[in-house]
Amino acid sequence: MEKKKANPIKKILESRLFSQIMPVGLLIVLTLVFGVITKGRLTNPASLKIIVEQALVVATVSTGGAFIFASGNVSLSLGATTILTATLALMAYNATGSLVVLFVVAIGLGVILMTISALLSTALGVRVMYVTIVMMTLLSALQQAILGGATVSMPYEVVQALVQGKVMYIGFGLFFVVCVVLFHFTDIGRSLRFIGTNNLCAEQTGISKSKYLLIAFLIAGVGCGIGAVLAIIRGGSIGTSTLPSLNMDCMLALVLGGMSIFGGSKSYVYSGVVGALTVVVLNQGLLMAGVDSTIIQAIRGVAFLALVTVSQVRPKGLPAPEG
Amino acid sequence: MKKSSKLKDILFTVAFPVLTWLVMELLCLLFKNKHVIATALDIKTVIRNTGITAVTAYAMSFNLKEGRFDLSLGAQRMAGTILGGLLAMALGLSGLWLLVFAVAFGFLFGVLTGLAFISLRVPPMVLGVGMALIWEVIPYLVSGGKGLNLFGVSGMGILTESWFQILVVVIMAVLVYILMNYTRLGYETKAVQGSQLIARNSGINIFRHAVECYTLAGALVCIAGVLDVSFSTQMSAGLGNTSNGVVTANMFAMILGSYIGEKSDSSVGILTAALTLTIFKYGLSLMEFSDPVNSVVNMLIFIGFLVFQANRHKAALNRARKARIELAKQRKAELAAA
């Protein structure tokens, strides 16, 4: 029997090393290319600082979301959860004037909302796809119902104090370090990746899918809570038009950051950070290069689909729950 | 026996809109001293909203029945309707042509999305996000960001006529009924719904089938777009993946319609569900619930319904298990006695 020769390009594309290096390489290449095109305007320290600050909210929320994606599930309600949480946390702050209340309400509410999503699918058996879409619509409507057409604001001096205290960097940094440890050095990350690789096999070896999915949603909830605080600090106010595309930006960031959309062993917790930076570099770079902002959206769509396709193993059939 | 079962099924189907109307009528009379449907305008509004909801739900059903949720449907609806409208206006043609052009564009966007799905083979929700980003750009660029405005445009009157809207919705319902019950597409849908893997192994071309589903969904969702714009007279060209809200809001009608359709047919079920939800929403707005609060109430009920759907077989399973245990005990007692 003649053995079929493996396609070397396919082999490289499907290798673990490629999936680890490609997103970081893409970010570096994009930064350098746009640095040259914009004659250094994109790569000067002030621009780089803006890029990092712009990416922080998406990076934080999608770092938490990586736990859900690793299990082979997709959540579209991360953005809606974050914005509703930010609205209520800011209202709680305005009512009490306490920053402790702001943080506690934000993280607590993020966790509660994501736990509800998780319980609907794990305990009550509703399909994750339905849960995520319904929650996305419900939470957005809830925020509109609470706010009406108004916006809630934080006093300017408080925002400035939080910015100067580097709360954004500290909040993100702490959460990221905890997530790296949980995802790459504990049973939680291993089990979630195992579930994403083969959920039947994982359950047969004693891993409780419901339990780990609930943990993934809880961690994502903490990410939404911290992301909500960062969104408040960055904007100073929250309205119905705040971060309208956060749901999709998180998914975009995870995919551009190298997260396998099917979850599993090729899932990395840093994907959200690398992806969020890539999205901002792409947006800012194209804008500085004079590309129309409408066209940039189409370029983002094409880049998103191209990267998803290149970084996944193409199934023989069509994607379906049964494989 | 057969006749009484059929009557039961009809009563089950009719009960949804009738009971909803009764409840909302009671609530409106109690709290606002108003009737849910009191004037010709109320009837017109209910017809139009039922039509939009039903046609959008039909469009979603082609893919959702097989576990695919196309997140680019909203963008296809927006792009098809705006491009169709702009073309009809540029050529000085009537509203009927707007509908024809919109369907043609929807057909095109549907085919392209379907081809992208079978070529790239990425999960449908992920594909939808990417395709929506691309489709949203087209009407924005073509209309210069203005979208479509039919206000004061002559020849568009036919689109606002109730008889025309009813005709379109009935044609759609009959078309979906025929497609799902008397054609290869319907047969293949049922097979893929059961198991895509088995369907493929038994010779069904799942790739062609998926493209057909996407194509029909694209064409149908643009009809809903035309029905919508005919009343509101304008459709804005939104960016940032914001176009999908109008489609996801109608998911309840599709899921409830599939449930009602178990006793009749999914095309009848979806139409009934659309009428039920329209009456419910209309009643809430008469009670001065704002749009977001109306949406929150609807979504909460939707979640309740999803939980019911996911667990409704459990009671029957428990009963069957208890009966099995009882039977085993009886048999054991018989054996012991012998």
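All chains are named by letter (A, B, ...) in the order of the sequence lines, taking the proteins before the strands, and each is independently numbered beginning at 1.
- In this structure, CE on Met299(B) lies 10.5 Å from CD1 on Ile133(A), to the nearest 0.5 angstrom.
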> Please walk me through it: do Leu305(A) and Met131(B) pass side chain to side chain contact (heavy atoms under 4.5 Å, CB included)?
Replying inline: CA-CA 8 Å; Leu305(A) 289 176; Met131(B) 294 308 289; 3.6 Å; yes

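- Using modelled atom types, no side-chain atom of Asn311(B) and backbone atom of Gly125(A) make a donor-acceptor pair closer than 3.5 Å.
- For the pair Leu306(B)/Val131(A), no side-chain contact is recorded, criterion being any heavy-atom separation below 4.5 Å from C-beta on.
- For Thr132(A), the part sitting under 4.5 Å from any heavy atom of chain B is the side chain, from C-beta outward, and nothing else.
- Residues Leu124(A) and Ala310(B) approach most closely at O-CB, 3.5 Å, considering heavy atoms.
- Contact check for Leu120(B) versus Val308(A): no side-chain heavy atoms found under the 4.5 Å cut-off.
- Your options are Ile134(B), Leu300(B), Leu141(B), Ile255(B), and the one with the most heavy-atom pairs under 4.5 Å with chain A is Ile134(B).
- With values rounded to the nearest 0.5 angstrom, Leu138(A) atom CG is found 5.0 Å from Ile303(B) atom CD1.
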> Please walk me through it: do Leu64(B) and Met129(A) pass side chain to side chain contact (heavy atoms under 4.5 Å, CB included)?
Replying inline: CA-CA 10 Å; Leu64(B) 204 53; Met129(A) 180 178 78; 3.6 Å; yes

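- Looking at Ala116(B), there are no atoms closer than 4.5 Å to chain A (heavy atoms on both sides), in backbone or side chain.
- To the nearest 0.5 angstrom, Tyr130(A) atom OH is 10.5 Å from Phe305(B) atom CZ.
- Within a 6.0 Å radius of NZ in Lys190(B), other residues, nucleotides and ligands contribute more than 12 heavy atoms.
- Of the atoms belonging to Leu76(A), it is side-chain heavy atoms, and not backbone ones, that fall under 4.5 Å from chain B.
- The parts of Phe207(B) that come within reach of chain A are both its backbone and its side chain, each placing non-hydrogen atoms under 4.5 angstrom from that chain.
- Per-residue counts of heavy-atom pairs under 4.5 Å with chain B were compared for Met135(A), Gln144(A), Gln297(A); the largest is that of Gln297(A).
- Looking at Phe69(B), both its backbone and its side chain come within 4.5 Å of chain A, counting heavy atoms on both sides.
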Which donor-acceptor pairs under 3.5 Å do side chains of residues 247-254 of chain A form with protein atoms, sequence neighbours excluded?
{"unit_1": "Asn247(A)", "atom_1": "OD1", "unit_2": "Gly79(A)", "atom_2": "N", "d": "2.8"}
{"unit_1": "Asn247(A)", "atom_1": "OD1", "unit_2": "Ala80(A)", "atom_2": "N", "d": "2.9"}
{"unit_1": "Asp249(A)", "atom_1": "OD1", "unit_2": "Arg300(A)", "atom_2": "NH2", "d": "2.8"}
{"unit_1": "Asp249(A)", "atom_1": "OD2", "unit_2": "Ser245(A)", "atom_2": "OG", "d": "3.1"}

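- Smallest separation of non-hydrogen atoms from Phe304(A) and Val126(B): CE2-O, 3.3 Å.
- Contact annotation for Leu120(A): only side-chain heavy atoms (C-beta onward) come within less than 4.5 Å of a heavy atom of chain B.
- Using a 4.5 Å cut-off between heavy atoms, Ile138(B) does not touch chain A at all.
- Remark: Phe308(B) CZ is packed, more than 12 non-hydrogen atoms of other residues, nucleotides or ligands lying under 6.0 Å away.
- Interface residues of residues 283-296 of chain B toward chain A, defined by a heavy-atom distance below 4.5 Å and sorted by number: Pro292(B), Val293(B), Ser295(B), Val296(B).
- For chain A, the nearby part of Arg200(B) is the side chain; its heavy atoms alone come within less than 4.5 Å.
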